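In what follows, a structure is listed as structure tokens, so that the remarks can point back to it.
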Amino acid sequence: MEVDRHLLLSIFVVEADEQLGGIEEGLLELESNPDSPSTLKRLFRLIHTLKGTANSLGFVQLSEFAHVVESLMDRLRQRTLVVTPERVSLLLRAVDSLRALMPSTTGESGDVPPSVNAVLDLLATDIASAAEPAAEAEALGDDESPSPMEPARESTGELAAHTLRVDVRRLDRLLDLAGELTIARERLGRLLHKLEGAEAASLREASWEVDLVSQELQEQVMQLRMVPLAPTLRPYARTVRDVAASLGKRARLDVQAGDVELDTRLVEQLRAPLTHLIRNALDHGIERPEERLARGKEPCGQLVLRALHDAGATVLELSDDGAGLDRAAIEQRAREQRLASRPEQLDDAALSSLIFEPGFTTTQAVTEYSGRGVGLDVVRRTVEALRGSVAVRSTPGAGTTFTMRLPLTLAIIDGFLVRAGEETYVLPLDTVTECLELPESASTGAERGMLHLRDRALPYVRARDLFGVSAPPALRENVVVLQHAGGQLGLAVDALLGTQPVVLKPLGAVFQGLPGLAGSSVLGDGRVALILDIPGLLRLAHQRKSVPAPLSSDLPPVPPT
């Protein structure tokens, strides 16, 4: 029974969190539409289920607090109390208190915070102000309470027989093994390619069949890690409401995610960047109600959080209908921080990108949400650490849109392999736009230079100089044109080796934090190749425009792997 109880507790903690999220979402809907009986009914049923399950598992404090919340919701349902923004705020605080009372997966409950008792008193006072409701709700009673052995039946229904909760660490290990299988498959293919004769042909055919099964297995494992984004994004509506209220503003969030899915590890890493962007939009973008009315806008600001798939990547857009970026303020701050000598000559895209620089802020006073210049810098560093990019565009008076472009998974990528000297490097295939031969006029051995590519200038750098490769250069070099949100860059290399899936491995402590490097991978022949960070390379090339120091002084040479 100890094993059974531990399983029940694990299920209860996960499902109770989902129920509290549903209650929170329903309360925000209720604030926008107070006369919705279906929303009230759904809220009442969620809190009733939570109360019954907590009671059946012996969590008395949680059950009793949920009963008080249920009583207030019942007054709203019976129309003896009306839905007001103040009551919604109180019920949202009650949801926070319920989370504070939640036990751990071991069944342990901590001390009750003083704030929980304060909220309990406010709930009791509000309930006492209403007449007693009809006995309809009480008739629901214990008949709908889950039995002690079936806490999840009501919320999972028929799906329970077709779903299984799995520890994400097991999925991580499964994906690691699929990655190792990919490496072993590549090595086996290289060895079989060297064999000759009829038996070699049969072996290659068998290997080809193994490749198909291996690829299918890898795809299925990656699919197991994908989770829908919509349930993850919807709770940010609470963040928008609370932050806007603390700033004396009004705003609502519209989530448009459809059936978009993303790797579960990526979803976890996106929480902090999204929170920063939402707070930034509310603090700097959305105007106060009186200002919006004066500009002919609705007093309540609108934020739209949109997710979509595009060319093998996931795109997240956060748009607001606020005042837009203040170009004059950005130019002034850029001069003060010496980010650009003549910022007024920069185009809108280049100037707007400066807001992601460390320490950049246009706010004069430090507040709870801005003024320290760390928010957007953190956003960019976090997104680029996930092999993604972030960009911004803005229209004065109409609003601002932040766009994050992210890979579908962190574990395996399609790589484009290049060689500099005796070393092999991996470029993410989705950043490669084209390849061309380096013109003879440019083959002077210079560390960097400019090419004319279809009537436009393309800066390029040599990989051998960037990473301290000492072997003699090739007679003819090639240039790989790399595209990212920050612009384009040419990377001159000695040879192009083609494409293949690569498994990302973390860098060792020696290489951690070096710009231009995103990770490493083991190739089919057993050698280690460095995976290049394209945003980092583009940023280094951009710094060269205003900093005369050579690129290698920004990026220490990397010892051969």
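Hydrogens, waters and symmetry mates play no part in the numbers below; they use all other heavy atoms, side chains included. Just so you know, these numbers come straight off a predicted model, no measurement behind them.
Salt bridge annotation for R393-D348: absent, with no cationic side-chain nitrogen under 4.0 angstrom from a carboxylate oxygen. Residues E317 and R405 are not paired through a salt bridge, judged by the lack of any N-O separation under 4.0 Å between the basic side chain and the carboxylate. Here R265 pairs with D172 in a salt bridge; the nearest charged N to carboxylate O distance falls below 4.0 Å. With salt bridges taken as basic N to acidic carboxylate O contacts below 4.0 Å, one links E287 and K297.
With sequence neighbours excluded, the residues satisfying side chain to side chain donor-acceptor pair (under 3.5 Å) with R42 are E29. Remark: S89 pairs with R241 by the side chain to side chain donor-acceptor pair (under 3.5 Å) rule, at least two apart or across chains. For the side-chain contact (heavy atoms from CB on, under 4.5 Å) test, no residue two or more places apart in sequence or in another chain qualifies with D259. Evaluation of the side chain to side chain donor-acceptor pair (under 3.5 Å) rule for R238 yields E24, D96, D242 as partners, not counting sequence neighbours. A search for side chain to side chain donor-acceptor pair (under 3.5 Å) contacts involving S97 returns nothing, not counting sequence neighbours. Every residue two or more places apart in sequence or in another chain that forms a side-chain contact (heavy atoms from CB on, under 4.5 Å) with S63 is listed here: K51, A54, N55.
Here the side chains of L491 and V481 are not in contact, with every heavy-atom distance at 4.5 Å or above.
Under the 6.0 Å distance and 45° angle rule, R380 does not count as a cation-pi partner of F356.
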